[in-house]
Amino acid sequence: MSGSGKAVGFYWTLPVPWVGFTQLPKDVDDAANSSLTIRYQRDLIRRYAKDHRLVLVHEAAYLEIEPDRGSEHVRDALRKVGQVCHAHHAVLLIVDFSEVQGWRSHHSLLDWARSGGVDVRLIYPDPITMEGKSFDPHQHFSDWRQRQQEWSDGKAGRAEASRAEATRLRGAGLSFVAISKHLNANGLPSLTGKPWTPDNLRKLLSKEADGE
């Protein structure tokens, strides 16, 4: 392991389109305020660095592109932090969520970490106290998976409600812009959970007209 006493922290999470979480601020502390998972990783790694007398010279937060899995895209972000590690002769600190009974395992990230190009320490995801409250990643991801499943199971009903309302409003002469604003304001998200736009609304109603 590196003996320089310097470290870089890398934190990542998944988007949650159905609650509007599709972007992550570039600033790590702002990202931590937007995401409980990022906040947990930041706090855990900062405590680890302090306990092991490591100086954090850089931190980076990364948002994946899919809501249910890690992807190869993470390698681009890892290469950037890897360059920082080389420049500062620093060790890279990453929380290994796969240690919590496989929750939120990220194979591309772990494969990169084990490739040997950068000195990486995979930190075990112990429960910690944040802002006076205990945070257990195992329980957190277990609860989140249940919420995700409930949202997925309700997809057909949400799709039908959105389609019926859009068809009604279109029949009343409203524009695609006006309809998309109405659906978004009334809690009727698109099939992916992302906000309606005139383009994806037009595609939805075109498929319906074609009988798809």
Side-chain angles (χ1 to χ4, degrees), residues 10-42 60-78 80 97 103-109 130-131 133 135 137 139-212:
F10 182 77
Y11 324 130
W12 70 280
T13 192
L14 301 172
V16 190
W18 50 280
V19 296
F21 180 61
T22 57
Q23 294 182 329
L24 196 65
K26 292 183 179 180
D27 179 81
V28 166
D29 291 329
D30 289 340
N33 289 332
S34 300
S35 165
L36 185 59
T37 305
I38 295 291
R39 190 186 319 159
Y40 165 73
Q41 294 169 83
R42 181 202 64 180
Y62 171 73
L63 182 67
E64 266 294 354
I65 61 172
E66 297 292 343
D68 59 349
R69 66 181 66 89
S71 73
E72 290 286 332
H73 289 79
V74 74
R75 292 177 178 270
D76 292 333
L78 289 169
K80 292 179 181 178
F97 285 123
W103 293 118
R104 197 169 283 205
S105 181
H106 196 313
H107 298 297
S108 294
L109 184 153
M130 299 191 304
E131 300 177 352
K133 297 180 179 180
F135 180 88
Q139 187 62 49
H140 174 72
F141 292 133
S142 178
D143 293 344
W144 191 252
R145 178 167 289 187
Q146 179 62 34
R147 291 182 63 189
Q148 181 79 20
Q149 186 61 51
E150 291 172 355
W151 181 80
S152 296
D153 291 344
K155 183 177 180 179
R158 292 193 308 275
E160 180 56 33
S162 296
R163 184 180 294 108
E165 182 67 357
T167 300
R168 182 185 71 80
L169 295 174
R170 187 61 178 164
L174 273 69
S175 67
F176 287 112
V177 172
I179 297 173
S180 61
K181 289 181 179 179
H182 172 84
L183 295 178
N184 293 331
N186 286 275
L188 292 171
S190 66
L191 305 190
T192 62
K194 295 180 180 180
W196 285 106
T197 66
D199 285 341
N200 60 20
L201 184 60
R202 187 178 292 107
K203 290 177 182 178
L204 173 73
L205 296 185
S206 294
K207 289 182 179 180
E208 182 181 65
D210 293 338
E212 295 183 14

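We number each residue from 1, following the sequence as shown. Reckoned from all heavy atoms, side chains included, excluding hydrogens, waters and symmetry mates.
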Q.
Checking R75 against L109 for the side chain to side chain contact (heavy atoms under 4.5 Å, CB included) test, could you report, in this order, the C-alpha distance in whole Å, the side-chain angles of both residues, the deciding distance, and whether it holds?
A. CA-CA 7 Å; R75 292 177 178 270; L109 184 153; over 6 Å; no

Q.
For a quick test of reading the model, state the closest non-hydrogen atom pair linking M130 to Y40 and the distance between them.
A. SD-CA, 3.5 Å

Q: Would you please name every residue forming a ring-ring contact (aromatic ring centres under 6.0 Å, His included) with Y62, sequence neighbours left out?
A: none

Q | Side-chain H-bond candidate by donor/acceptor type, S108 with E72, under 3.5 Å | A | yes

Q. Roughly how far, to the nearest 0.5 Å, is the CG atom of L201 from the OG atom of S206?
A. 9.0 Å

Q | Rounded distance [0.5 Å steps], OG in S162 versus CH2 in W196 | A | 5.5 Å

Q. Tell me, do W12 and L63 make a side-chain contact under 4.5 Å, heavy atoms counted?
A. no

Q.
How long is the straight-line distance from CZ of F21 back to OG of S35, given to the nearest 0.5 Å?
A. 4.5 Å

Q | E165: partners by side chain to side chain contact (heavy atoms under 4.5 Å, CB included), with sequence neighbours left out | A | R168, L169, H182, L183, L188

(Q) Using side-chain heavy atoms (C-beta onward) and a distance below 4.5 Å, is F135 in contact with R39? (A) no

Q | L14 and E66: CA distance, side-chain angles, deciding distance, side chain to side chain contact (heavy atoms under 4.5 Å, CB included) verdict | A | CA-CA 7 Å; L14 301 172; E66 297 292 343; over 6 Å; no

Q | Where A31 and P25 come nearest, the two heavy atoms and their spacing | A | CB-O, 3.6 Å

**Q.** Atom pair CD1/OG1 of I179 and T167 - distance to nearest 0.5 Å
**A.** 8.5 Å

**Q.** From L24 atom CG to D27 atom CG, the distance as rounded to the nearest 0.5 Å
**A.** 10.0 Å

Q. Between F176 and R202, is there a cation-pi geometry (under 6.0 Å to ring centre, at most 45° from the normal)?
A. yes

Q.
Ignoring hydrogens and geometry beyond distance, is a side-chain donor-acceptor pair present between T13 and E64 at under 3.5 Å?
A. no

Q: Work out which heavy atom in R163 is nearest to a heavy atom in L205; give both atom names and the distance.
A: O-CD2, 4.4 Å

Q | Residue list, ring-ring contact (aromatic ring centres under 6.0 Å, His included) with F10, at least two apart or on another chain | A | none

